[in-house]
Number of protein chains: 2
Amino acid sequence: MTGTESGVPRKQRADSRRNETALLEAAAAAFVVSGVNAPVRNIAARAGVGVGTIYRHFPTRADLIVAVYRHQVEACAEAGPVLLTESATPHAALASWIHLFVDFLVTKHGLAEAMRSDDAAFQTLHAYFLDRLVPVCAELLDAASTAGEIIPGIDALVLMHGIGNLCIGADSPDYDARLMVGLVIAGLRVR
Amino acid sequence: MTGTESGVPRKQRADSRRNETALLEAAAAAFVVSGVNAPVRNIAARAGVGVGTIYRHFPTRADLIVAVYRHQVEACAEAGPVLLTESATPHAALASWIHLFVDFLVTKHGLAEAMRSDDAAFQTLHAYFLDRLVPVCAELLDAASTAGEIIPGIDALVLMHGIGNLCIGADSPDYDARLMVGLVIAGLRVR
DNA sequence: GCTATAGCGGAACCAAGTTCCGCATATGCA
DNA sequence: TGCATATGCGGAACTTGGTTCCGCTATAGC
(Lines give C-alpha, C1' and ligand atoms only; values in the text may rest on other atoms or scores of the structure.)
Protein backbone atom coordinates (compact mmCIF):
# COMPACT_ATOMS: atom_id res chain seq x y z
CA MET A 1 0.00 0.00 0.00
CA THR A 2 1.62 3.23 -1.15
CA GLY A 3 0.47 6.72 -0.36
CA THR A 4 -1.51 8.58 2.27
CA GLU A 5 -5.03 7.98 3.49
CA SER A 6 -6.34 10.36 0.86
CA GLY A 7 -5.13 8.01 -1.84
CA VAL A 8 -2.70 10.39 -3.52
CA PRO A 9 0.70 8.66 -3.52
CA ARG A 10 3.66 10.48 -2.11
CA LYS A 11 6.35 10.67 -4.78
CA GLN A 12 9.46 8.50 -4.64
CA ARG A 13 12.10 9.88 -2.33
CA ALA A 14 15.08 11.57 -3.94
CA ASP A 15 17.60 9.44 -2.05
CA SER A 16 15.81 6.36 -3.26
CA ARG A 17 16.26 7.36 -6.87
CA ARG A 18 19.87 8.30 -6.23
CA ASN A 19 20.52 4.90 -4.72
CA GLU A 20 18.92 3.16 -7.62
CA THR A 21 21.15 4.80 -10.20
CA ALA A 22 24.18 4.33 -7.96
CA LEU A 23 23.33 0.65 -7.76
CA LEU A 24 22.94 0.34 -11.50
CA GLU A 25 26.34 1.90 -12.07
CA ALA A 26 27.95 -0.19 -9.37
CA ALA A 27 26.38 -3.35 -10.71
CA ALA A 28 27.46 -2.61 -14.26
CA ALA A 29 31.02 -2.06 -13.06
CA ALA A 30 30.97 -5.18 -10.89
CA PHE A 31 29.55 -7.26 -13.73
CA VAL A 32 32.41 -6.23 -15.98
CA VAL A 33 35.09 -7.38 -13.59
CA SER A 34 33.39 -10.26 -11.79
CA GLY A 35 30.62 -11.33 -14.12
CA VAL A 36 26.91 -11.19 -13.47
CA ASN A 37 27.30 -13.29 -10.35
CA ALA A 38 29.32 -10.66 -8.54
CA PRO A 39 28.61 -10.98 -4.79
CA VAL A 40 25.75 -8.83 -3.54
CA ARG A 41 27.86 -7.34 -0.78
CA ASN A 42 30.39 -6.25 -3.35
CA ILE A 43 27.88 -4.36 -5.41
CA ALA A 44 26.37 -2.79 -2.31
CA ALA A 45 29.78 -1.63 -1.11
CA ARG A 46 30.65 -0.21 -4.52
CA ALA A 47 27.41 1.75 -4.51
CA GLY A 48 27.95 2.83 -0.92
CA VAL A 49 24.68 1.33 0.29
CA GLY A 50 23.62 -1.52 2.55
CA VAL A 51 22.67 -4.91 1.15
CA GLY A 52 19.06 -4.36 2.10
CA THR A 53 18.92 -1.51 -0.36
CA ILE A 54 19.79 -3.80 -3.24
CA TYR A 55 16.99 -6.18 -2.39
CA ARG A 56 14.53 -3.32 -2.00
CA HIS A 57 15.26 -1.97 -5.48
CA PHE A 58 16.02 -5.25 -7.22
CA PRO A 59 14.37 -8.16 -5.43
CA THR A 60 16.21 -10.75 -7.48
CA ARG A 61 19.53 -10.72 -9.23
CA ALA A 62 17.65 -11.13 -12.47
CA ASP A 63 15.93 -7.78 -11.95
CA LEU A 64 19.28 -6.12 -11.56
CA ILE A 65 20.72 -7.80 -14.63
CA VAL A 66 17.73 -6.86 -16.71
CA ALA A 67 17.97 -3.25 -15.58
CA VAL A 68 21.68 -3.09 -16.35
CA TYR A 69 21.40 -4.56 -19.84
CA ARG A 70 18.00 -3.26 -20.89
CA HIS A 71 19.42 -0.71 -23.37
CA GLN A 72 21.57 -3.27 -25.13
CA VAL A 73 18.79 -5.80 -25.36
CA GLU A 74 16.49 -3.18 -26.84
CA ALA A 75 19.13 -2.24 -29.38
CA CYS A 76 19.49 -5.87 -30.39
CA ALA A 77 15.74 -6.28 -30.69
CA GLU A 78 15.40 -3.18 -32.82
CA ALA A 79 18.22 -4.27 -35.10
CA GLY A 80 16.23 -7.25 -36.31
CA PRO A 81 13.73 -5.52 -38.61
CA VAL A 82 16.40 -3.13 -39.83
CA LEU A 83 18.67 -5.99 -40.86
CA LEU A 84 15.79 -7.67 -42.60
CA THR A 85 15.24 -4.70 -44.89
CA GLU A 86 18.89 -3.87 -45.41
CA SER A 87 20.36 -7.32 -45.99
CA ALA A 88 20.73 -9.04 -49.33
CA THR A 89 18.68 -12.05 -48.26
CA PRO A 90 16.65 -13.05 -45.20
CA HIS A 91 19.21 -15.70 -44.39
CA ALA A 92 21.94 -13.06 -44.39
CA ALA A 93 19.82 -10.93 -42.08
CA LEU A 94 19.26 -13.87 -39.76
CA ALA A 95 22.95 -14.66 -39.70
CA SER A 96 23.88 -11.03 -38.99
CA TRP A 97 21.33 -10.75 -36.24
CA ILE A 98 22.48 -13.95 -34.56
CA HIS A 99 26.04 -12.69 -34.65
CA LEU A 100 24.85 -9.47 -33.04
CA PHE A 101 23.19 -11.46 -30.30
CA VAL A 102 26.29 -13.59 -29.84
CA ASP A 103 28.47 -10.49 -29.60
CA PHE A 104 26.22 -9.17 -26.88
CA LEU A 105 26.32 -12.40 -24.91
CA VAL A 106 29.98 -13.25 -25.10
CA THR A 107 31.03 -9.88 -23.74
CA LYS A 108 28.93 -10.33 -20.58
CA HIS A 109 30.81 -12.78 -18.45
CA GLY A 110 28.40 -15.31 -17.01
CA LEU A 111 25.31 -13.91 -18.66
CA ALA A 112 24.84 -16.85 -20.98
CA GLU A 113 24.94 -19.21 -18.02
CA ALA A 114 22.47 -17.08 -16.11
CA MET A 115 20.16 -16.91 -19.10
CA ARG A 116 19.59 -20.60 -19.07
CA SER A 117 19.54 -21.18 -15.34
CA ASP A 118 16.33 -22.84 -14.26
CA ASP A 119 16.66 -21.23 -10.85
CA ALA A 120 13.40 -19.47 -10.07
CA ALA A 121 15.29 -16.27 -9.29
CA PHE A 122 16.27 -16.03 -12.95
CA GLN A 123 12.74 -16.44 -14.20
CA THR A 124 12.32 -12.72 -14.93
CA LEU A 125 15.66 -12.58 -16.72
CA HIS A 126 14.66 -15.49 -18.86
CA ALA A 127 11.26 -13.99 -19.46
CA TYR A 128 12.52 -10.55 -20.40
CA PHE A 129 15.35 -11.57 -22.67
CA LEU A 130 13.35 -14.18 -24.46
CA ASP A 131 10.07 -12.29 -24.66
CA ARG A 132 11.90 -9.34 -26.12
CA LEU A 133 14.16 -11.20 -28.53
CA VAL A 134 12.34 -14.36 -29.50
CA PRO A 135 9.71 -12.54 -31.60
CA VAL A 136 12.46 -10.76 -33.49
CA CYS A 137 14.24 -14.04 -34.12
CA ALA A 138 10.96 -15.65 -35.12
CA GLU A 139 10.35 -12.93 -37.68
CA LEU A 140 13.78 -13.44 -39.20
CA LEU A 141 13.37 -17.20 -39.23
CA ASP A 142 10.00 -16.87 -40.82
CA ALA A 143 11.31 -14.61 -43.58
CA ALA A 144 14.20 -16.94 -44.34
CA SER A 145 11.92 -19.94 -44.24
CA THR A 146 9.42 -18.32 -46.59
CA ALA A 147 12.24 -17.47 -48.95
CA GLY A 148 13.10 -21.17 -48.95
CA GLU A 149 16.59 -20.53 -47.65
CA ILE A 150 16.37 -22.53 -44.45
CA ILE A 151 14.66 -25.69 -43.33
CA PRO A 152 11.16 -24.95 -42.06
CA GLY A 153 9.73 -25.54 -38.63
CA ILE A 154 12.60 -24.27 -36.51
CA ASP A 155 11.33 -22.86 -33.23
CA ALA A 156 12.82 -19.47 -32.41
CA LEU A 157 12.83 -20.16 -28.68
CA VAL A 158 14.73 -23.40 -29.10
CA LEU A 159 17.19 -21.77 -31.47
CA MET A 160 17.89 -18.85 -29.14
CA HIS A 161 18.19 -21.19 -26.23
CA GLY A 162 20.77 -23.16 -28.15
CA ILE A 163 22.65 -20.10 -29.34
CA GLY A 164 22.75 -18.86 -25.76
CA ASN A 165 24.11 -22.19 -24.63
CA LEU A 166 26.82 -22.12 -27.25
CA CYS A 167 28.00 -18.80 -25.87
CA ILE A 168 28.67 -20.21 -22.43
CA GLY A 169 32.33 -20.17 -21.64
CA ALA A 170 33.09 -18.16 -24.76
CA ASP A 171 36.11 -16.57 -23.10
CA SER A 172 37.87 -19.87 -22.74
CA PRO A 173 40.92 -19.99 -25.02
CA ASP A 174 40.22 -23.54 -26.17
CA TYR A 175 36.70 -22.85 -27.28
CA ASP A 176 35.17 -20.89 -30.13
CA ALA A 177 31.55 -19.99 -29.66
CA ARG A 178 31.34 -18.14 -32.96
CA LEU A 179 32.54 -21.14 -34.90
CA MET A 180 29.90 -23.35 -33.30
CA VAL A 181 27.20 -20.78 -33.93
CA GLY A 182 28.39 -20.63 -37.50
CA LEU A 183 27.91 -24.39 -37.80
CA VAL A 184 24.36 -24.04 -36.53
CA ILE A 185 23.62 -21.28 -39.03
CA ALA A 186 25.04 -23.44 -41.78
CA GLY A 187 22.97 -26.35 -40.55
CA LEU A 188 19.82 -24.28 -40.93
CA ARG A 189 20.27 -23.92 -44.68
CA VAL A 190 18.36 -26.16 -47.01
CA ARG A 191 20.65 -28.39 -49.00
CA MET B 1 54.38 -40.94 3.14
CA THR B 2 52.50 -44.26 3.38
CA GLY B 3 53.73 -47.41 5.04
CA THR B 4 56.01 -48.55 7.83
CA GLU B 5 59.67 -47.85 8.37
CA SER B 6 60.57 -50.95 6.38
CA GLY B 7 59.03 -49.41 3.28
CA VAL B 8 56.37 -52.04 2.67
CA PRO B 9 53.02 -50.25 2.58
CA ARG B 10 50.25 -51.41 4.82
CA LYS B 11 47.28 -52.42 2.68
CA GLN B 12 44.18 -50.25 2.53
CA ARG B 13 41.85 -50.77 5.46
CA ALA B 14 38.71 -52.79 4.85
CA ASP B 15 36.43 -50.10 6.24
CA SER B 16 38.05 -47.60 3.92
CA ARG B 17 37.17 -49.66 0.87
CA ARG B 18 33.67 -50.23 2.20
CA ASN B 19 33.20 -46.51 2.65
CA GLU B 20 34.44 -45.78 -0.82
CA THR B 21 31.93 -48.06 -2.50
CA ALA B 22 29.17 -46.84 -0.18
CA LEU B 23 30.03 -43.30 -1.22
CA LEU B 24 29.98 -44.16 -4.88
CA GLU B 25 26.55 -45.72 -4.56
CA ALA B 26 25.24 -42.86 -2.45
CA ALA B 27 26.62 -40.31 -4.87
CA ALA B 28 25.15 -42.07 -7.87
CA ALA B 29 21.76 -42.11 -6.19
CA ALA B 30 22.02 -38.49 -5.09
CA PHE B 31 23.10 -37.43 -8.57
CA VAL B 32 20.01 -39.01 -10.05
CA VAL B 33 17.60 -37.11 -7.86
CA SER B 34 19.47 -33.85 -7.22
CA GLY B 35 21.96 -33.62 -10.07
CA VAL B 36 25.71 -33.67 -9.82
CA ASN B 37 25.67 -30.71 -7.46
CA ALA B 38 23.90 -32.62 -4.71
CA PRO B 39 25.03 -31.20 -1.34
CA VAL B 40 28.04 -32.93 0.16
CA ARG B 41 26.26 -33.44 3.47
CA ASN B 42 23.47 -35.21 1.64
CA ILE B 43 25.75 -37.69 0.01
CA ALA B 44 27.61 -38.29 3.23
CA ALA B 45 24.37 -38.92 5.11
CA ARG B 46 23.14 -41.31 2.43
CA ALA B 47 26.36 -43.26 2.67
CA GLY B 48 26.25 -43.18 6.46
CA VAL B 49 29.64 -41.48 6.76
CA GLY B 50 30.93 -38.11 7.91
CA VAL B 51 31.66 -35.33 5.44
CA GLY B 52 35.36 -35.65 6.11
CA THR B 53 35.25 -39.13 4.63
CA ILE B 54 34.04 -37.79 1.31
CA TYR B 55 36.91 -35.36 1.08
CA ARG B 56 39.40 -38.02 2.02
CA HIS B 57 38.28 -40.33 -0.77
CA PHE B 58 37.31 -37.72 -3.33
CA PRO B 59 39.13 -34.43 -2.69
CA THR B 60 37.03 -32.52 -5.21
CA ARG B 61 33.53 -33.00 -6.49
CA ALA B 62 35.02 -33.64 -9.89
CA ASP B 63 36.82 -36.72 -8.57
CA LEU B 64 33.56 -38.10 -7.32
CA ILE B 65 31.75 -37.40 -10.57
CA VAL B 66 34.52 -39.00 -12.59
CA ALA B 67 34.44 -42.08 -10.38
CA VAL B 68 30.67 -42.39 -10.65
CA TYR B 69 30.55 -42.08 -14.42
CA ARG B 70 33.82 -43.69 -15.39
CA HIS B 71 32.19 -46.86 -16.78
CA GLN B 72 29.83 -44.92 -19.00
CA VAL B 73 32.54 -42.64 -20.30
CA GLU B 74 34.69 -45.64 -21.12
CA ALA B 75 31.80 -47.27 -22.94
CA CYS B 76 31.30 -44.13 -24.98
CA ALA B 77 34.98 -43.90 -25.80
CA GLU B 78 35.12 -47.52 -26.88
CA ALA B 79 32.04 -47.14 -29.07
CA GLY B 80 33.85 -44.73 -31.38
CA PRO B 81 36.11 -47.14 -33.28
CA VAL B 82 33.35 -49.74 -33.39
CA LEU B 83 30.93 -47.30 -34.98
CA LEU B 84 33.56 -46.30 -37.48
CA THR B 85 33.91 -49.85 -38.77
CA GLU B 86 30.24 -50.72 -38.59
CA SER B 87 28.65 -47.60 -40.04
CA ALA B 88 27.89 -46.98 -43.69
CA THR B 89 30.01 -43.83 -43.84
CA PRO B 90 32.35 -41.97 -41.51
CA HIS B 91 29.84 -39.14 -41.26
CA ALA B 92 27.17 -41.58 -40.14
CA ALA B 93 29.58 -42.95 -37.54
CA LEU B 94 30.35 -39.45 -36.33
CA ALA B 95 26.66 -38.60 -36.08
CA SER B 96 25.88 -41.80 -34.19
CA TRP B 97 28.73 -41.27 -31.81
CA ILE B 98 27.72 -37.69 -31.08
CA HIS B 99 24.19 -38.84 -30.36
CA LEU B 100 25.61 -41.41 -27.98
CA PHE B 101 27.54 -38.70 -26.20
CA VAL B 102 24.48 -36.49 -26.08
CA ASP B 103 22.37 -39.31 -24.65
CA PHE B 104 24.93 -39.77 -21.95
CA LEU B 105 25.00 -36.09 -21.07
CA VAL B 106 21.33 -35.24 -21.10
CA THR B 107 20.49 -38.00 -18.66
CA LYS B 108 22.91 -36.65 -16.05
CA HIS B 109 21.27 -33.62 -14.59
CA GLY B 110 23.78 -30.81 -14.27
CA LEU B 111 26.70 -32.73 -15.74
CA ALA B 112 26.88 -30.65 -18.90
CA GLU B 113 27.07 -27.50 -16.80
CA ALA B 114 29.74 -28.98 -14.60
CA MET B 115 31.72 -30.13 -17.64
CA ARG B 116 32.26 -26.62 -18.81
CA SER B 117 32.70 -24.92 -15.47
CA ASP B 118 36.00 -23.08 -15.30
CA ASP B 119 36.07 -23.57 -11.56
CA ALA B 120 39.44 -25.07 -10.66
CA ALA B 121 37.69 -27.84 -8.72
CA PHE B 122 36.28 -29.16 -11.99
CA GLN B 123 39.64 -29.26 -13.70
CA THR B 124 40.04 -33.01 -13.29
CA LEU B 125 36.51 -33.61 -14.56
CA HIS B 126 37.24 -31.51 -17.60
CA ALA B 127 40.55 -33.21 -18.08
CA TYR B 128 39.25 -36.74 -17.76
CA PHE B 129 36.16 -36.40 -19.89
CA LEU B 130 37.94 -34.52 -22.63
CA ASP B 131 41.18 -36.45 -22.58
CA ARG B 132 39.24 -39.67 -22.87
CA LEU B 133 36.70 -38.59 -25.46
CA VAL B 134 38.37 -35.93 -27.57
CA PRO B 135 40.78 -38.35 -29.26
CA VAL B 136 37.86 -40.58 -30.20
CA CYS B 137 35.99 -37.63 -31.62
CA ALA B 138 39.08 -36.47 -33.43
CA GLU B 139 39.45 -39.86 -35.06
CA LEU B 140 35.85 -39.79 -36.27
CA LEU B 141 36.20 -36.23 -37.52
CA ASP B 142 39.38 -37.13 -39.30
CA ALA B 143 37.81 -40.09 -41.05
CA ALA B 144 34.81 -38.04 -42.18
CA SER B 145 37.05 -35.23 -43.26
CA THR B 146 39.29 -37.54 -45.24
CA ALA B 147 36.23 -39.02 -46.90
CA GLY B 148 35.32 -35.50 -47.96
CA GLU B 149 32.00 -35.62 -46.12
CA ILE B 150 32.55 -32.74 -43.74
CA ILE B 151 34.32 -29.41 -43.86
CA PRO B 152 37.96 -29.78 -42.84
CA GLY B 153 39.75 -28.18 -39.95
CA ILE B 154 37.16 -28.67 -37.23
CA ASP B 155 38.82 -29.02 -33.85
CA ALA B 156 37.48 -31.95 -31.85
CA LEU B 157 37.88 -30.14 -28.54
CA VAL B 158 35.88 -27.15 -29.72
CA LEU B 159 33.20 -29.38 -31.19
CA MET B 160 32.82 -31.42 -28.01
CA HIS B 161 32.82 -28.29 -25.94
CA GLY B 162 29.99 -26.95 -28.08
CA ILE B 163 28.05 -30.20 -28.05
CA GLY B 164 28.36 -30.26 -24.28
CA ASN B 165 27.08 -26.72 -24.08
CA LEU B 166 24.09 -27.56 -26.23
CA CYS B 167 23.14 -30.27 -23.77
CA ILE B 168 22.85 -27.85 -20.88
CA GLY B 169 19.27 -27.58 -19.71
CA ALA B 170 18.22 -30.44 -21.95
CA ASP B 171 15.45 -31.39 -19.56
CA SER B 172 13.67 -28.10 -20.03
CA PRO B 173 10.37 -28.62 -21.87
CA ASP B 174 10.87 -25.63 -24.14
CA TYR B 175 14.26 -26.71 -25.39
CA ASP B 176 15.50 -29.48 -27.62
CA ALA B 177 19.17 -30.25 -27.31
CA ARG B 178 19.04 -33.04 -29.86
CA LEU B 179 17.57 -30.76 -32.49
CA MET B 180 20.34 -28.23 -31.96
CA VAL B 181 23.00 -30.92 -32.06
CA GLY B 182 21.41 -32.13 -35.27
CA LEU B 183 21.81 -28.67 -36.77
CA VAL B 184 25.48 -28.68 -35.86
CA ILE B 185 25.97 -32.09 -37.43
CA ALA B 186 24.22 -30.87 -40.55
CA GLY B 187 26.36 -27.75 -40.52
CA LEU B 188 29.48 -29.90 -40.59
CA ARG B 189 28.63 -31.41 -43.96
CA VAL B 190 30.22 -30.06 -47.06
CA ARG B 191 27.64 -28.54 -49.39
C1' DG C 1 46.76 -59.56 22.39
C1' DC C 2 49.36 -55.29 21.46
C1' DT C 3 50.86 -51.21 19.06
C1' DA C 4 51.14 -47.95 15.59
C1' DT C 5 48.59 -45.53 12.51
C1' DA C 6 45.19 -45.14 8.74
C1' DG C 7 41.02 -43.56 8.62
C1' DC C 8 36.78 -41.74 10.74
C1' DG C 9 33.19 -38.33 12.39
C1' DG C 10 31.53 -34.16 12.85
C1' DA C 11 32.30 -29.67 15.04
C1' DA C 12 33.91 -25.46 13.51
C1' DC C 13 34.88 -22.18 10.14
C1' DC C 14 34.08 -19.58 5.86
C1' DA C 15 31.52 -17.52 1.96
C1' DA C 16 27.27 -15.76 0.01
C1' DG C 17 22.45 -15.12 -0.27
C1' DT C 18 18.42 -13.38 2.16
C1' DT C 19 15.47 -11.43 5.82
C1' DC C 20 14.14 -8.22 9.17
C1' DC C 21 13.72 -4.43 12.18
C1' DG C 22 15.12 -0.30 14.65
C1' DC C 23 16.53 4.09 12.98
C1' DA C 24 17.13 8.15 9.94
C1' DT C 25 15.29 11.37 6.86
C1' DA C 26 12.65 13.26 2.99
C1' DT C 27 8.05 14.69 1.95
C1' DG C 28 3.74 17.03 2.50
C1' DC C 29 1.25 20.01 5.16
C1' DA C 30 0.14 23.64 8.47
C1' DT D 1 9.75 27.14 9.03
C1' DG D 2 8.60 23.29 11.86
C1' DC D 3 6.30 18.98 12.54
C1' DA D 4 4.29 14.32 11.81
C1' DT D 5 4.64 10.35 9.36
C1' DA D 6 5.61 7.16 5.96
C1' DT D 7 9.42 5.87 3.12
C1' DG D 8 13.57 4.03 2.77
C1' DC D 9 18.05 2.78 4.83
C1' DG D 10 21.81 -0.03 7.04
C1' DG D 11 23.58 -3.89 8.51
C1' DA D 12 23.17 -7.52 12.05
C1' DA D 13 21.50 -12.01 12.06
C1' DC D 14 20.13 -16.19 9.95
C1' DT D 15 20.45 -19.88 6.26
C1' DT D 16 22.74 -22.94 3.21
C1' DG D 17 26.50 -25.25 1.57
C1' DG D 18 31.53 -26.03 0.97
C1' DT D 19 35.95 -27.02 3.39
C1' DT D 20 39.21 -27.87 7.14
C1' DC D 21 40.95 -29.96 11.15
C1' DC D 22 41.70 -32.69 15.12
C1' DG D 23 40.73 -35.99 18.78
C1' DC D 24 39.21 -40.61 18.70
C1' DT D 25 38.42 -45.40 16.86
C1' DA D 26 39.25 -49.61 14.70
C1' DT D 27 42.18 -52.12 11.73
C1' DA D 28 46.59 -54.28 9.99
C1' DG D 29 50.66 -56.38 11.06
C1' DC D 30 53.22 -58.71 14.28
Side-chain angles (χ1 to χ4, degrees), chain A residues 1-23 26-27 30-31 34-65 110 113-114 117 119-125, chain B residues 1-23 26-27 30-31 34-65 110 113-114 117 119-125:
Chain A
M1 202 62 62
T2 304
T4 63
E5 276 290 323
S6 60
V8 44
R10 182 181 279 209
K11 79 176 176 192
Q12 188 190 27
R13 278 168 50 164
D15 56 346
S16 173
R17 244 172 309 122
R18 261 202 313 280
N19 280 331
E20 188 161 325
T21 59
L23 273 171
F31 288 175
S34 318
V36 297
N37 292 311
V40 175
R41 275 173 250 259
N42 247 274
I43 301 173
R46 253 176 208 273
V49 304
V51 286
T53 302
I54 289 197
Y55 284 97
R56 201 167 310 105
H57 287 276
F58 307 100
T60 72
R61 182 176 292 274
D63 295 312
L64 185 55
I65 296 174
E113 279 101 321
S117 163
D119 184 340
F122 285 96
Q123 205 47 50
T124 78
L125 177 71
Chain B
M1 204 56 62
T2 302
T4 61
E5 275 291 324
S6 60
V8 44
R10 181 181 281 212
K11 81 174 172 190
Q12 188 191 26
R13 275 167 54 164
D15 56 347
S16 173
R17 245 172 309 123
R18 260 201 315 280
N19 281 332
E20 188 160 324
T21 59
L23 273 171
F31 288 175
S34 317
V36 296
N37 291 311
V40 175
R41 276 175 250 258
N42 248 276
I43 300 173
R46 253 176 208 273
V49 304
V51 286
T53 302
I54 289 195
Y55 285 95
R56 200 166 310 105
H57 287 276
F58 306 100
T60 72
R61 182 176 293 274
D63 295 312
L64 185 54
I65 296 175
E113 279 101 321
S117 164
D119 184 341
F122 285 94
Q123 205 47 49
T124 77
L125 177 71

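Labels below follow one simple rule: chain letters A, B, ... track the order of the sequence lines, proteins then strands, and each chain is numbered from 1.
Side-chain atoms of Leu64(A) and His57(A), non-hydrogen and from C-beta on, never get closer than 4.5 Å to each other.
One can place CD of Glu20(A) at 12 Å from C1' of dG8(D), the figure rounded to the nearest angstrom. Distance Arg10(A) CZ to dA6(D) C1': 5 Å, rounded to the nearest Å. Following rounding to the nearest Å, Leu23(B) (CG) and dG7(C) (P) show an atom-to-atom distance of 14 Å. dG17(D) atom C1' lies 12 Å from atom CD1 of Ile54(B), rounded to whole Å.
Here His57(A) does not reach the OP1 or OP2 of dG8(D): none of its side-chain N or O atoms lies under 4.0 Å away. Residue Asn19(A) places no side-chain N or O under 4.0 Å from the OP1 or OP2 atom of dG8(D). Dashed line: the shortest gap from a side-chain N or O of Thr53(B) to OP1 or OP2 of dG9(C) is under 4.0 Å.
As judged by a 4.0 angstrom heavy-atom cut-off over every strand, Ala14(B) is placed among residues touching the sugar-phosphate backbone only.
Along DNA chain D, the nucleotide nearest to Lys11(A) and the one nearest to Arg18(B) differ in position, and the one closer to the 5' end is contacted by Lys11(A).
Judged by distance alone, the side chain of Arg61(B) and the main-chain N or O of Val36(B) form a donor-acceptor pair under 3.5 Å. At least one donor-acceptor pair under 3.5 Å links the side chain of Thr21(B) to the backbone N or O of Arg18(B).
Once rounded to the nearest 0.5 Å, the distance linking CZ of Phe58(A) with CD1 of Ile65(A) reads 11.5 Å.
Between the side chains of Thr60(A) and Asp63(A), at least one donor-acceptor pair of N or O atoms lies under 3.5 Å.
Among residue pairs with one or both ends in residues 37-55 of chain B, none qualify as side chain to side chain donor-acceptor pair (under 3.5 Å); sequence neighbours excluded.
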Query raised in the report: Can you give one letter per nucleotide of nucleotides 13-25 of chain C, 5' to 3': B if a protein heavy atom sits under 4.0 Å from the base, S if only from the sugar-phosphate, - if neither?
Result: ---BBBB-----B
